[in-house]
Amino acid sequence: MASLRDVAPTSLLPLEAAEELKALAQEIAEHDRRYYQQDAPAVSDAEYDALRRRNEAIEALFPHLARPDSPSKRIGAAPATGFAKVRHARPMLSLANAFSPEDVADFIDRIRRFLGLADDEPVVLVAEPKIDGLSVSLRYEGGRLVQGATRGDGEEGENVTANLQTLADIPRQLPAGVPDILEVRGEVYIARADFAEMNRRQEAEGGKVFANPRNAAAGSLRQLDPAVTARRPLRFFAYAWGEVSAPLGRTIWELRGKLRAWGFTVSEPARLCPSLDDTLAFHVDLESRRAEVPYDMDGVVYKVDRLDWLERLGQVSRSPRWAIAHKFPAEKAETVVRAIEVQVGRTGVLTPVAELEPITVGGVVVARATLHNEDYIAERDIRVGDHVIVQRAGDVIPQVLAVVPGKRPAEAPPYAFPRACPICRSAAVREDGMAARRCTGGLVCPAQAVERLKHFVSRDAFDIEGLGDKHIEAFWQDGLLRSPADLFRLHRHGDAIRGREGWGDKSADNLLGAIEKRRVIALPRFLFALGIPQIGQASAKLLARHYGSLALLRQAMAEAQEPDSEARKALQAIDGIGPSMAADLLAFFAEPHNGTLLDDLAGLLSVEDYVAPAAADSPVAGKTVVFTGTLATLTRDEAKARAEALGAKVAGSLSKRTDYLVAGPGAGSKLKKAVELGVTVLTEEEWLALAAGPLEA
Ligand code: IVH
């Protein structure tokens with residue numbers, strides 16, 4: 001009988017593809033084990049590479065079948081769980097992106113407004129390459145390297161100290177005079193020439209061949225055996241810092257000099273840019289020299305040079321306000337649309353996706369690309385069979401940009417967007433002014449239910465390790481997991497899980513253990529996990545900060561259903577919760593099914609009350625404050641950011657629940673209303689004194 005292995009990937013049926021991916025995962029894992037742990041490969045390099053390429057080709061054709069244990073996700077032999085976890089003393093942030101000169105101009109304007117700078121005061125920026133590698137944090141105590149960690153999710157990474165110690169440009173001992181505690185952050189990467197050489201060597205030795213320098217760097221750093229890492233050409237650039245016990249100087253430019261003096265390499269070429277034009281010129285220049293720079297860059301990072309400003313600017317959500325990544329244009333390629341599939345998301349939104357003839361764009365195989373929505377397809381008249389231009393930018397989902405004129409097959413009809421949900425057949429409707437068509441099936445639509453479950457367990461929500469998308473789909477099919485609450489009843493089905501294909505005692509126990517760990521959960525995560533339309537991580541946190549506990553939030557949402565209630569006004573007054581978000585929240589809490597779900601969950605797990613970080617001892621923590629009039633020393637944005645950092649809630653309008661109105665000169669109606677409501681009115685100085693109080697103690 002002919003084996004599946006002889007069938008070309010493009011001829012596989014979905015079931016066969018799933019079977020083949022499973023077989024490949026097992027075989028490749030076995031070859032990895034023999035090669036890395038027993039030093040006894042059973043196949044030639046060419047055979048091994050062919051297996052990996054076949055795995056990748058099938059995954060490109062059937063991305064939804066890619067397995068959690070796929071070899072393509074496991075770069076290098078080390079499993080992701082092989083390292084101890086490390087909590088970062090200061091979170092490792094990510095950067096917001098700018099794609100155009102206008103975005104950069106906006107970035108500088110925002111800084112000006114936030115800091116309240118005079119028009120003639122220059123905002124000097126440091127511009128340096130954005131290196132495409134992986135970020136790590138190095139902790140020095142008394143000048144000695146004591147810990148090196150990967151970024152992980154920004155809060156918690158992996159301890160890879162032994163591996164980082166093998167890098168020539170990471171000093172183990174710093175000269176005398178460095179701060180006692182010093183965390184240096186930067187990027188581990190592989191230069192292009194080293195990458196080519198390394199892949200040649202890997203190939204000759206029968207090792208893995210990596211797709212690009214970034215993957216190679218990640219795979220090489222996350223090796224369980226540091227001796228393997230030591231043989232890889234990893235380099236390190238220092239560009240930022242974490243916890244430090246003494247000030248680092250006045251400017252980033254000065255700090256770059258210090259980092260060099262301490263033995264680090266800083267990213268080059270870099271430039272001090274006193275104006276927008278200088279930054280843009282640097283970007284144009286660097287892009288034109290992209291090929292000359294010996295490592296992959298995906299753009300330029302601009303950072304505010306003055307460290308005192310940088311301190312004041314702080315961060316919003318997970319990105320600093322003082323830095324931005326100005327990306328280089330995305331890479332493009334031409335290919336053919338084979339089919340248009342419509343996916344259903346957790347809120348019922350129908351998203352069209354183009355299935356493409358697989359094509360390599362900037363080093364990555366692309367077989368699917370988003371078409372965004374109905375209008376996007378209609379405006380571009382994209383049809384099945386068309387030649388199209390696809391674009392890929394960094395880790396963004398690839399998209400179809402446009403149809404190539406003159407290449408359309410004669411018989412291709414215009415694409416008709418479905419009027420019914422492709423999964424549950426409920427009507428799919430478009431509300432006025434909305435780009436998206438939504439399935440009206442709500443709780444009866446299996447696609448929505450499954451997507452909600454995936455969201456519920458995802459990394460920023462309940463973060464359940466070992467429960468991949470495929471598992472959720474399978475558990476849903478079998479009725480083991482229909483509602484998020486079922487997750488916390490899965491332990492009753494331990495045997496059923498152990499007996500399933502692909503599961504054993506260990507994996508089942510690991511999963512149930514991971515679920516047990518989440519029986520206590522922080523309020524912001526819990527709210528985010530509910531998947532309320534428009535409530536992302538930032539707004540979940542905002543709600544947690546304002547209401548403090550799940551019980552209080554539910555009570556307030558019940559009261560706020562009444563349009564004229566105080567609770568409704570308080571909700572609408574939260575700075576950062578717009579009218580449409582408020583409407584979605586109210587709708588969620590008005591839906592009886594959701595109430596049942598919340599009651600059900602409340603019986604199974606405990607949601608911790610929100611404690612504002614670092615603010616426990618601030619007298620303004622937990623207080624609601626409204627700013628009005630002109631402030632003398634702070635801009636409105638900065639005042640708001642500082643108040644929130646101290647645990648206060650900032651509202652846009654007054655209600656009985658307001659604790660303080662901070663009124664600058666020019667305060668009008670709000671001041672009057674505060675007096676009527678009996679709200680404490682503070683001057684700016686009084687507020688600053690109150691807010692600064694215990695910090696000086
Ligand atoms: S500064 C965000 N400078 O880009 C905290 N980051 O997409 C300050 N990156 O996580 C980072 N080159 O890993 C900075 N010259 C550079 C960089 C750089 C690459 C990485 C960094 C960050 C990611 C954000």
Side-chain angles (χ1 to χ4, degrees), residues 88-99 103-104 107 111 125-138 148-158 160 164 167 169-170 182-192 212-215 217-218 221-222 234-244 248 251-253 255-257 259-260 264-273 279 282-283 286-287 290 293-307 309-311 313-328 330 393-396:
H88 298 299
R90 299 268 179 286
M92 289 182 78
L93 304 177
S94 46
L95 291 171
N97 289 325
F99 296 100
D103 290 349
V104 181
F107 163 69
I111 293 172
L125 298 175
V126 175
E128 56 181 41
K130 178 159 175 353
I131 315 141
D132 205 5
L134 65 151
S135 49
V136 299
S137 186
L138 306 170
T150 61
R151 177 177 187 277
D153 64 2
E155 303 285 336
E156 204 175 68
E158 286 175 327
V160 287
L164 286 170
L167 268 69
D169 33 6
I170 293 188
L182 170 65
E183 286 183 358
V184 174
R185 291 177 175 174
E187 202 87 349
V188 169
Y189 70 99
I190 294 181
R192 263 197 308 273
N212 56 49
R214 213 202 86 82
N215 285 358
L221 186 61
R222 298 178 71 251
L234 293 173
R235 293 170 191 256
F236 176 77
F237 270 139
Y239 53 61
W241 61 98
E243 185 181 0
V244 281
L248 288 171
T251 63
I252 293 209
W253 199 254
L255 176 62
R256 282 174 57 94
L259 285 166
R260 257 196 302 260
F264 292 99
T265 310
V266 292
S267 54
E268 300 286 357
R271 192 183 296 167
L272 262 186
C273 302
T279 59
F282 182 80
H283 187 263
L286 196 61
E287 194 197 341
R290 219 168 160 180
V293 176
Y295 45 82
D296 279 352
M297 306 175 290
D298 48 0
V300 176
V301 182
Y302 306 130
K303 309 172 189 181
V304 169
D305 189 34
R306 274 178 60 166
L307 291 173
W309 284 358
L310 185 149
E311 206 51 53
L313 285 159
Q315 69 190 69
V316 56
S317 180
R318 291 178 175 222
S319 319
R321 281 197 190 81
W322 47 264
I324 200 161
H326 187 184
K327 294 300 197 77
F328 290 140
D395 43 12
V396 184

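Note that ligands are numbered from 1 as they come in the structure, with each ligand's atoms numbered from 1 the same way. Just so you know, these numbers use all the heavy atoms, side chains as well, and skip hydrogens, waters and symmetry mates.
- Of the candidates M92, R318, K130, it is K130 that places a heavy atom closest to atom 7 (O) of ligand 1.
- Atoms of ligand 1 lying under 4.0 Å from at least one heavy atom of L93, given by number and element, are 2 (C), 10 (O).
- Electrostatic pairing of E287 and K327 does not count as a salt bridge here, judged by no charged N lying under 4.0 Å from a carboxylate O.
- Between A240 and ligand 1, not a single N/O pair is under 3.5 Å apart.
- Considering backbone and side-chain atoms alike, V301 places every N or O at 3.5 Å or more from each N or O of ligand 1.
- Near S135, meaning under 4.0 Å from one of its heavy atoms, ligand 1 places the atoms 10 (O), 13 (O).
- Using a 4.0 Å cutoff on heavy atoms, K303 counts as a contact of ligand 1.
- Residues passing the side chain to side chain donor-acceptor pair (under 3.5 Å) test with R271, sequence neighbours excluded: none.
- In terms of protein heavy atoms, atom 24 (C) of ligand 1 is closest to L95 N, 3.4 Å.
- Rounding to the nearest 0.5 angstrom, the gap separating the CG atom in L307 from the CH2 atom in W241 is 5.0 Å.
- Counting protein heavy atoms only, atom 12 (N) of ligand 1 is closest to I131 N, 3.1 Å.
- Considering only non-hydrogen atoms, atom 17 (C) of ligand 1 lies nearest to Y239 out of F237, W322, Y302, Y239.
- The contact set between ligand 1 and P129, taken as ligand atoms under 4.0 Å from a residue heavy atom, comprises 12 (N), 15 (N), 16 (C).
- The pair E183-R90 does not count as a salt bridge, with every side-chain nitrogen at least 4.0 angstrom from each carboxylate oxygen.
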Would you give me the side-chain donor-acceptor pairs under 3.5 Å for residues 129-138, sequence neighbours excluded?
residue, atom, partner, partner atom, Å
S137, OG, R185, NE, 3.0

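- For the pair E187 and ligand 1, the shortest N or O to N or O distance falls below 3.5 Å.
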(request) Check step by step if salt bridge (Lys or Arg N to Asp or Glu O under 4.0 Å) holds for R192 and D296. (result) CA-CA 7 Å; R192 263 197 308 273; D296 279 352; 2.9 Å; yes

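- Proximity of a side-chain donor or acceptor of R256 to a complementary backbone N or O of S267 within less than 3.5 Å is detected.
- A salt bridge does not link R235 to E187: none of the charged nitrogens lies less than 4.0 Å from a carboxylate oxygen.
- The side-chain heavy atoms of F264 and F237, taken from C-beta on, include no pair separated by under 4.5 Å.
- Set against the non-hydrogen atoms of E128, the atoms of ligand 1 under 4.0 Å away are 3 (N), 15 (N), 16 (C).
- Judged by the shortest distance from any of its heavy atoms, G186 lies outside the 4.0 Å radius around the atoms of ligand 1.
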